[in-house]
Amino acid sequence: MSVTLAISLFIVPLLLLLLNHKRCSTKKTKLPPSPYKLPVIGNLHQLSPPPHRSLHALSQKYGPIMHLQLGYRSAIIISSPDLAQEVFKTHDLVFANRPSLMIANKLFYNFEDVAFTPYGDYWRQARKICVLHLLSSKRVQSFGAIREDEVELMIKKVSRNTSLEPVNLTMLLNSLTANTISRVSLGNYLEEGLSNKLCKLVEELSALFETSHLEDYFPYLEWVNAFNGVNEKMNNWFRDWDGFLDQVINDHVVRGVGSQNSINADLVDVLLSLQKDQDSSLSLTMNNIKAIITDMFAAGTDTSFILLDWVMVELMRSPKAMKEVQDEIRCIIEEKTKIKESDIAQMAYLKAVIKETLRLHPPAPLLVPHESMKEATIRGYRVPAKTMIMVNAWTIGRDKKSWEKPEEFRPERFLNSTIDFKGNDFQFIPFGSGRRICPGIQFAMAGVELALANLLCRFDWRLPDDMKAEELDMTEAPGITVRRMSNLLVIATAHQSCVC
């Protein structure tokens, strides 16, 4: 009896200790809070378009870090600056991967681009090429003449309609960004027929990204795309796009590839020159080149056009800000005959208007999703390996702890402020942060600032038919990038004292 009692006195406390340790371990490694899940589909039924808004609503209830089960995918949603800092800085390497998405695999040559490719040696070398040879300060400056030329063509189109009938500014801005990217990437030689084909292909690419792809959430439903027309649309687009790029690349080869250091070299010239470079650390295949070019069109066209459109809409809704930015530009330009990019460097309020628009309307509100390469812990919660990480930049830009009256359009908040969009201020990350931050920020801003400075300097703007600013449709269209559903129709009146 005494032996039994002794054993009991030893074993029972040991079991209690082990049980308590297990509870503590479980508590320390539990997943973040989550809404109620349904069998099979998980939380998919709780996501309604646009997803950044439905995720915002869920985060208000379940917190700034939230776990969702999206079919077979496990996802963590991040909705606050401090948690974004943990993802992009504290655990930057762990979350540097990209989830495998069907559309990216198909349209970007089996992940041979930069934006969607998995983290690893290829990504490091491909990004290095983009940063050093395609998107460097020197290269961006070399495209200045193209930007100025395309802006001038847009201004002439607006001038033909001044005070007569509404200008479809949305379409003009879309054409401006597409044409600029086309000339920068492919050169000035495109004939009108080929140029029209390019615009159509870029438009179709945006539409494909707006399509929901079931197999990303239910791999066993891959066969459905063979019947709902999705596969056919993607295959047709890829065949036409690949053929188009073949023609462009062959034309470059026939006329001779310029030096990558030539001021007249376009991006195809640069990539083909690097392909021939025996000292290059990355042996570029033709698919590598095509995928990187596709990246430029997918990322560079939509986002810049969307930002320009949102800026003009917000200014139409805010006459005070419109007057402030126009007065600034016209005062700096004075009697000059041309707006130079060096002039724009002085336009603090214009830059504040752009930043405030990016805060309220980040073109890609959920950024490009990340994926954990191994298990990690954020705020005491477990994040398993292979978990998709979605950072809601739209919600972060409206964080009440970071921004006073966050729903209001107030460019003044960025005057005399060091807050910038280069990835170091986690309350403002429209282009992402960390090692997977968008490498084309400088390229995008150069085009956006020049276009806006010219539009706001040369014309006064009003809405047609005595339309009130509050009647403007602010509905967001679905897609990985978020444009307005409606086109912006405005009346432009030439400003007589602005001779630029």
Side-chain angles (χ1 to χ4, degrees), residues 52 78-81 83-89 92 95-98 104 113-117 119 123 126-128 130-132 134-137 139-140 177 180-181 184 206 209 292 295-311 314 350-370 389-399 402-403 411 413-414 417-452 479-483:
H52 61 276
I78 300 296
S79 304
S80 73
L83 288 167
Q85 182 171 353
E86 287 205 42
V87 169
F88 291 131
K89 187 174 182 180
D92 184 24
F95 298 126
N97 207 16
R98 296 291 194 206
D113 65 321
V114 177
F116 294 97
T117 193
Y119 181 78
W123 172 81
R127 180 183 171 87
K128 183 178 179 181
C130 287
V131 171
L132 293 181
L134 306 183
L135 300 169
S136 66
S137 295
R139 185 64 64 185
V140 170
T177 55
T180 302
I181 289 288
V184 163
S206 298
F209 268 102
I292 291 171
D295 247 0
M296 293 296 296
F297 278 95
T301 304
D302 239 20
T303 52
S304 294
F305 141 65
I306 288 170
L307 174 55
L308 284 164
D309 189 66
W310 280 116
V311 169
E314 287 292 0
L350 174 67
K351 292 177 181 291
V353 164
I354 294 171
K355 287 182 178 179
E356 179 68 345
T357 306
L358 281 168
R359 182 187 70 81
L360 286 170
H361 309 287
L366 294 175
L367 306 181
V368 181
H370 291 241
I389 311 297
M390 301 172 72
V391 178
N392 196 337
W394 188 88
T395 295
I396 290 172
R398 285 167 166 75
D399 187 84
S402 303
W403 309 99
R413 73 175 83 241
F414 284 101
S417 170
T418 60
I419 296 175
D420 210 341
F421 41 60
K422 296 179 181 179
N424 297 316
D425 301 296
F426 295 95
Q427 69 271 48
F428 185 47
I429 49 172
F431 297 103
S433 180
R435 64 192 67 203
R436 301 291 306 234
I437 190 173
C438 172
I441 297 176
Q442 187 177 358
F443 179 87
M445 285 301 105
V448 167
E449 289 172 351
L450 185 66
L452 283 174
I480 191 171
T481 55
V482 177
R483 65 183 72 189

* Run the numbers on Leu360 and Arg398 for side-chain contact (heavy atoms from CB on, under 4.5 Å), then give the verdict. => CA-CA 7 Å; Leu360 286 170; Arg398 285 167 166 75; 3.7 Å; yes

Please output the side-chain donor-acceptor pairs of residues 418-435 that fall under 3.5 Å, not counting sequence neighbours, one pair per line with the distance.
residue: Asp425; atom: OD2; partner: Asp420; partner atom: N; Å: 2.9
residue: Ser433; atom: OG; partner: Gly423; partner atom: O; Å: 2.6
residue: Arg435; atom: NE; partner: Asp92; partner atom: OD2; Å: 3.0
residue: Arg435; atom: NH1; partner: Tyr119; partner atom: OH; Å: 3.0

* Residue pair Pro362 / Ala393: nearest heavy atoms and the distance that separates them -> CG-C, 4.3 Å

* Could you pull out the closest heavy-atom pair between Ser79 and Thr395, with the gap in Å? => O-CG2, 3.7 Å

* To do: Would you please name every residue forming a ring-ring contact (aromatic ring centres under 6.0 Å, His included) with Phe88, sequence neighbours left out?
  => His370

* Partners of Trp394 by ring-ring contact (aromatic ring centres under 6.0 Å, His included), sequence neighbours excluded? -> His52, His56

* To do: Return yes if some donor-acceptor pair links the side-chain N/O of Asp295 with the main-chain N/O of Asp113 below 3.5 Å, else return no.
  => no

* **Residue pair Arg436, Trp123: steps toward the side-chain contact (heavy atoms from CB on, under 4.5 Å) verdict** => CA-CA 10 Å; Arg436 301 291 306 234; Trp123 172 81; 3.3 Å; yes

* If every non-hydrogen atom of Ile396 is compared with every non-hydrogen atom of Pro81, which pair is closest and at what distance? -> CG2-CG, 4.0 Å

* N/O donor-acceptor pair under 3.5 Å between Arg483 side chain and Phe305 backbone -> no

* Point-to-point distance, once rounded to the nearest 0.5 Å, from OG1 of Thr117 to CZ of Arg127 -> 12.5 Å

* If you take all heavy atoms of Thr303 and Pro363, which pair is closest and at what distance? -> O-CG, 3.8 Å

* Asked: Under 4.5 Å between any side-chain heavy atoms of Leu135 and Met296, yes or no?
  -> yes

* To do: List the atom of Thr177, the atom of Leu308, and the distance in Å for their closest heavy-atom pair.
  => CG2-CD1, 4.0 Å

* Determine whether Leu358 and Leu307 make a side-chain contact, defined as any pair of heavy atoms from C-beta on separated by less than 4.5 Å. => yes

* To do: To the nearest 0.5 Å, tell me how far Ile389 CD1 sits from Leu367 CG.
  => 12.5 Å

* Structure fact -> Looking only at heavy atoms, the pair that brings Ile437 and Ile441 closest together is CD1-CD1, 4.0 Å

* Asked: Roughly how far, to the nearest 0.5 Å, is OG of Ser80 from CG of Asn392?
  -> 11.0 Å

* To do: Ignoring hydrogens and angles, tell me if any N or O in the side chain of Arg98 forms a donor-acceptor pair with the backbone of Ala115 under 3.5 Å.
  => yes

* Please walk me through it: do Leu134 and Ile292 pass side-chain contact (heavy atoms from CB on, under 4.5 Å)? -> CA-CA 10 Å; Leu134 306 183; Ile292 291 171; 3.9 Å; yes

* To do: Give the intermediate values and the outcome of side-chain contact (heavy atoms from CB on, under 4.5 Å) for residues Glu314 and Glu356.
  => CA-CA 10 Å; Glu314 287 292 0; Glu356 179 68 345; over 6 Å; no

